[in-house]
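A quick write-up on the structure given underneath.
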Amino acid sequence: VQLQASGGGLVQAGGSLRLSCAASGRTFSSYAMGWFRQAPGKEREFVAGINWSGGRTLYADSVKGRFTISRDNAKNTVYLQMNSLKAEDTAVYYCAADRSSGRFYVPRPLADYGSWGQGTLVTVSS
């Protein structure tokens with residue numbers, strides 16, 4: 001599957017952004033999707049994930065209550081709504097698709113994701 005992330009930009013602390021990830025190729029609706037981020041000098045980390053149906057979601061503790069992941073299988077798109085942004089949210093954000101189809105749960109490990117988008121930069125100014 002090919003993934004195209006968009007929606008990043010510069011925002012002040014406390015502001016909001018919505019990231020989108022459009023998918024093409026294999027059957028999008030069969031796969032869990034995840035958002036990861038990588039800040040300068042740091043490893044890529046899990047941010048949020050959603051299972052194939054949208055019925056289960058998972059969040060990193062650092063974003064719980066501020067970020068919301070959702071998907072629209074009719075549009076082959078997954079979203080990440082980011083509210084109450086903080087300077088420490090500054091990073092390149094990547095969307096990714098699960099390696100395996102039909103998982104009921106949301107995988108967290110980076111290695112469980114096999115297809116990656118190109119990344120979109122989010123900069124939060126304090």
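All values below were derived from every heavy atom in this structure, side-chain atoms included, with hydrogens, water molecules and symmetry-related copies excluded.
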Give me each pair satisfying disulfide bond (SG atoms under 2.5 Å apart) with a member in residues 28-92, each pair once, sequence neighbours excluded.
none
Please list all pairs passing the disulfide bond (SG atoms under 2.5 Å apart) test where one or both residues lie in residues 92-126, with sequence neighbours left out.
C21-C95
Can you hop from [X] to [Y] via hydrophobic side chains spaced under 4.5 Å?
{"X": "M33", "Y": "W52", "answer": "no"}
{"X": "W116", "Y": "F46", "answer": "yes"}
{"X": "I50", "Y": "L58", "answer": "no"}
{"X": "Y79", "Y": "F36", "answer": "no"}

List in chain and number order the residues that pass side chain to side chain contact (heavy atoms under 4.5 Å, CB included) with A22, two or more places apart in sequence or in another chain; answer none if no residue qualifies.
T77
Who passes side chain to side chain contact (heavy atoms under 4.5 Å, CB included) against S30, sequence neighbours left out?
T27, S101
At their closest point, which heavy atom of [X] faces which heavy atom of [Y], and how far apart are they?
{"X": "P107", "Y": "Y105", "answer": "CD-O, 3.6 Å"}
{"X": "A97", "Y": "L3", "answer": "N-CD1, 3.7 Å"}
{"X": "N73", "Y": "F28", "answer": "OD1-CE2, 3.2 Å"}
{"X": "D112", "Y": "D98", "answer": "O-OD1, 3.1 Å"}
{"X": "G8", "Y": "T120", "answer": "N-OG1, 3.0 Å"}
{"X": "L121", "Y": "A91", "answer": "CD1-O, 3.6 Å"}

Reported [atom1]-to-[atom2] distance for the pair [X] and [Y], which is rounded to 0.5 angstrom:
{"X": "Q118", "Y": "Q2", "atom1": "CD", "atom2": "CD", "answer": "12.0 Å"}
{"X": "S53", "Y": "R103", "atom1": "OG", "atom2": "CZ", "answer": "14.5 Å"}
{"X": "M82", "Y": "R18", "atom1": "CE", "atom2": "CZ", "answer": "11.5 Å"}
{"X": "T57", "Y": "K64", "atom1": "OG1", "atom2": "NZ", "answer": "9.5 Å"}

Determine which pairs satisfy side-chain hydrogen bond (donor to acceptor under 3.5 Å, both in side chains) with at least one residue from residues 83-95, sequence neighbours left out, and list them in order.
S16-N83, R37-D89, R37-Y93, R66-D89, Q81-N83
4.5 Å side-chain heavy-atom contact, [X] and [Y]:
{"X": "L19", "Y": "V122", "answer": "yes"}
{"X": "F67", "Y": "W35", "answer": "no"}
{"X": "V78", "Y": "I69", "answer": "yes"}

Has the side chain of R108 got a donor or acceptor atom that lies under 3.5 Å from a matching backbone atom of A60?
no
Among L85, V47, T68, L80, whose side chain to side chain contact (heavy atoms under 4.5 Å, CB included) with V63 holds?
V47
Other than F104, which residues form its hydrophobic cluster under the rule that side-chain heavy atoms must be closer than 4.5 Å?
none
